**Q** 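Okay, handing you the structure first.
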Protein chains: 2
Amino acid sequence: MTTQPLKAALSGRVQRPVPLRETVYETLLNLIITREFPPGRHLVESELAEQLGVSRQPVREALQRLSNEAWVDLRPGYGAFVHTPTESEADQLLAVRAVLETEAARLAALSAEPAQLEHLRELWRAGVAAVSDADVDSVVTANADFHRGVIEASGNRVLAELAAQVDRRVRWYYAPIARSRGMASWDEHAGIIDAIQAGSADEAARLMNDHTERTRLTYHDQVDGG
Amino acid sequence: MTTQPLKAALSGRVQRPVPLRETVYETLLNLIITREFPPGRHLVESELAEQLGVSRQPVREALQRLSNEAWVDLRPGYGAFVHTPTESEADQLLAVRAVLETEAARLAALSAEPAQLEHLRELWRAGVAAVSDADVDSVVTANADFHRGVIEASGNRVLAELAAQVDRRVRWYYAPIARSRGMASWDEHAGIIDAIQAGSADEAARLMNDHTERTRLTYHDQVDGG
DNA sequence: CCGAACGATTTTGTATACAGTATGCTGAGA
DNA sequence: TCTCAGCATACTGTATACAAAATCGTTCGG
């Protein structure tokens, strides 16, 4: 009879059971991002624990991590609440994101490897296809993927982690009003890739900065204009 | 008889007992930063709990936060270890810090209020005095304070929080080799303040960038040169 | 009718107990 | 002497139990 360890060894790695807090964290974050848990919602440890079929402890640890990352606010002695972003906070996040992604583009131009460039091209093609198909969800995903691609191509892991977090929060804040800028956005993406490939750091940075700035203005138009 | 709430009201704020995990977190972080817990040290929950006179739970929560902020590495099923920074990681952090502080300087030039400017001048005077006294510890502290001052003057809280964290880690990494650049550094600081006061955003950004870049080179010289 | 104080309820904060897993050691066999 | 299996140990992962704090509704007094 085939033993379990053997099967695991043959199939590659033995998958270690991920700590529950991790699973809980990702589950809760997903619920928040999808707005199943809307901003302001009161999250009770014992309720969540029961719903997820675990004890309070992992839930608690997940909530604290979410609190550190500003997804929820912890009120001592009372409970956790899904964070409600203010307008100025959202604006500040946009500014920070612009800075980080601009720097990422600059670094990518200085250090991106051929494989990474090909990856970017691939992501770009997927985005263009999504726009052509007018598939809104795919466009949003493709956009996030492309930006993550650039960030990772920077070769700076610290920057990448920071930017990824900021980016995720920005997309959450602006998800309700996020509408694609359509093909124009992907033309700009193409220009950024070209600059990265050419190793033109300043040009790549400038293009990314312009790009994020236009996106910011689009957001503001939609906020102000309804 | 005077009631408790009244006394509290008279003395100003009712001081709420800070959650233990917070106290533990700060205690541990201090021990790490001061190198009483050197990089690579194995941190055992039960040991720390006993030493601090609390249960494992708050210690655990503090360790997880420290892990999220990259101060310690958590090995599942085994233990927590004080993070050992690699050279490339330190370098990447320096780069990120430069970006964040440069942007902070730019924003400060656009939005700093007179009170904040006066505060910066004050910090500057304290720094110059420390340099004159050749008081190394004071110089280091004054330097950190000045940079924090600029960051806060940016008016961007998100940026400030990020930059503060990055800054703290950078100072930890380079603490063993950190030597003051002396008065030259404070001359540059003065220039930055002037640019901020004048509202010259690009100039302030450029000066801050040059400043952090020079500091980076100093670090590298000390690393390479011994 | 309004406001403040009191009590019940809810929820977190902390401690303890138990189970699961990684590690290192010991000893036997080649 | 080297290697590997098996065991003992140490530590974390998870669950449960108890204590303290904050909130909310109610009631009493004006």
Side-chain angles (χ1 to χ4, degrees), chain A residues 3-9 13-28 31 37 40-68 71-84, chain B residues 1-28 37 40-68 71-84:
Chain A
T3 61
Q4 288 288 47
L6 180 55
K7 272 165 84 176
R13 260 255 176 273
V14 179
Q15 60 165 340
R16 266 221 312 272
V18 178
L20 271 187
R21 61 164 178 274
E22 201 73 19
T23 314
V24 173
Y25 166 80
E26 279 168 23
T27 304
L28 293 180
L31 289 168
F37 287 171
R41 158 135 185 188
H42 189 184
L43 303 178
V44 177
E45 290 180 2
S46 48
E47 278 182 19
L48 299 175
E50 195 177 6
Q51 288 176 10
L52 298 174
V54 299
S55 79
R56 267 182 57 208
Q57 174 98 355
V59 173
R60 197 178 158 70
E61 293 174 353
L63 283 177
Q64 282 177 23
R65 179 168 168 196
L66 289 170
S67 167
N68 289 334
W71 292 102
V72 308
D73 299 315
L74 247 41
R75 277 169 62 178
Y78 191 42
F81 296 82
V82 177
H83 180 66
T84 302
Chain B
M1 182 173 11
T2 315
T3 62
Q4 289 287 45
L6 181 55
K7 271 165 86 176
L10 289 175
S11 70
R13 259 261 174 267
V14 180
Q15 63 163 339
R16 268 219 311 273
V18 177
L20 269 188
R21 62 166 177 273
E22 201 73 18
T23 314
V24 173
Y25 166 81
E26 279 168 23
T27 305
L28 292 181
F37 288 171
R41 158 138 186 186
H42 189 184
L43 303 178
V44 177
E45 291 180 1
S46 49
E47 277 181 21
L48 299 174
E50 193 178 7
Q51 288 176 10
L52 299 173
V54 299
S55 81
R56 264 181 60 207
Q57 174 98 355
V59 173
R60 197 179 157 69
E61 293 175 351
L63 283 177
Q64 282 177 22
R65 180 168 169 196
L66 289 170
S67 166
N68 290 333
W71 293 103
V72 307
D73 299 315
L74 246 43
R75 277 170 61 180
Y78 192 42
F81 296 81
V82 176
H83 180 66
T84 302

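Order of the sequence lines sets the chain letters (A, B, ...), proteins ahead of strands, with each chain counted from 1. Scope of the values below: all heavy atoms of this structure, side chains included, with no hydrogens, waters or symmetry mates. If you're wondering where the values come from, they're calculated on a predicted model, not measured in any experiment.
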**Q** So how far is it from B:E26 CD to B:L66 CG, rounded to the nearest 0.5 Å?
**A**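 If I round to the nearest 0.5 Å, the distance is 10.5 Å.
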**Q** Between atom CG in B:L52 and atom C1' in C:dG13, what is the gap in whole Å?
**A**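 To the nearest whole Å, that distance equals 17 Å.
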**Q** Fit a plane to each ring of B:F81 and B:H42, take the angle between them on a 0 to 90° scale, and name the class: parallel (under 30°), tilted (30 to 60°) or perpendicular (over 60°).
**A**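 Ring orientation, 0 to 90° scale: parallel.
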**Q** Please list every donor-acceptor pair under 3.5 Å in which a side-chain atom of residues 51-60 of chain A meets a protein atom from a residue at least two apart or in another chain.
**A**
residue: A:S55; atom: OG; partner: A:Q57; partner atom: N; Å: 3.3
residue: A:R56; atom: NE; partner: A:E45; partner atom: OE1; Å: 2.9
residue: A:R56; atom: NH2; partner: A:E45; partner atom: OE1; Å: 3.0
residue: A:Q57; atom: OE1; partner: B:Q57; partner atom: NE2; Å: 3.2
residue: A:Q57; atom: NE2; partner: A:E61; partner atom: OE2; Å: 3.2
residue: A:Q57; atom: NE2; partner: B:Q57; partner atom: OE1; Å: 3.2
residue: A:R60; atom: NE; partner: B:E61; partner atom: OE2; Å: 2.7
residue: A:R60; atom: NH1; partner: A:E45; partner atom: OE2; Å: 3.0

**Q** Take the C1' atoms of the five end pairs on each side of the helix from C:dC1-D:dG30 to C:dA30-D:dT1, get both axes, and report the angle to 10 degrees.
**A**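 Rounded to the nearest 10 degrees, the bend comes out at 10°.
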**Q** Write down the atom of A:G40, the atom of A:T84, and the distance for their closest heavy-atom approach.
**A**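 That closest heavy-atom pairing would be N-OG1, 3.4 Å.
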**Q** Encode nucleotides 12-20 of chain D as B, S and - characters from 5' to 3', where the letter depends on protein heavy atoms closer than 4.0 Å: B to the base, S only to sugar-phosphate, - to neither.
**A** BBBBBB---
**Q** In this structure, how many angstroms lie between the P atom of C:dT11 and the CZ atom of A:R41, rounded?
**A**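 Nearest whole value for this atom pair: 12 Å.
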**Q** Nearest 0.5 angstrom please: B:L20 CG to B:E22 CD, how far?
**A**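 The CG atom of B:L20 sits 10.5 Å away from the CD atom of B:E22.
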**Q** Drop me the distance from A:W71's CH2 to A:L43's CG, to the nearest 0.5 angstrom.
**A**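 So the CH2 of A:W71 and the CG of A:L43 are separated by 13.5 Å.
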**Q** Mind checking the CG-CZ spacing from B:L48 to B:F37? Nearest 0.5 Å is all I need.
**A**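 Interatomic distance, B:L48 CG to B:F37 CZ, rounded to 0.5 Å: 5.5 Å.
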**Q** Could you tell me the separation between the CZ atom of A:R65 and the CG atom of A:L28, rounded to the nearest 0.5 Å?
**A**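 It is 11.5 Å, given to the nearest 0.5 Å.
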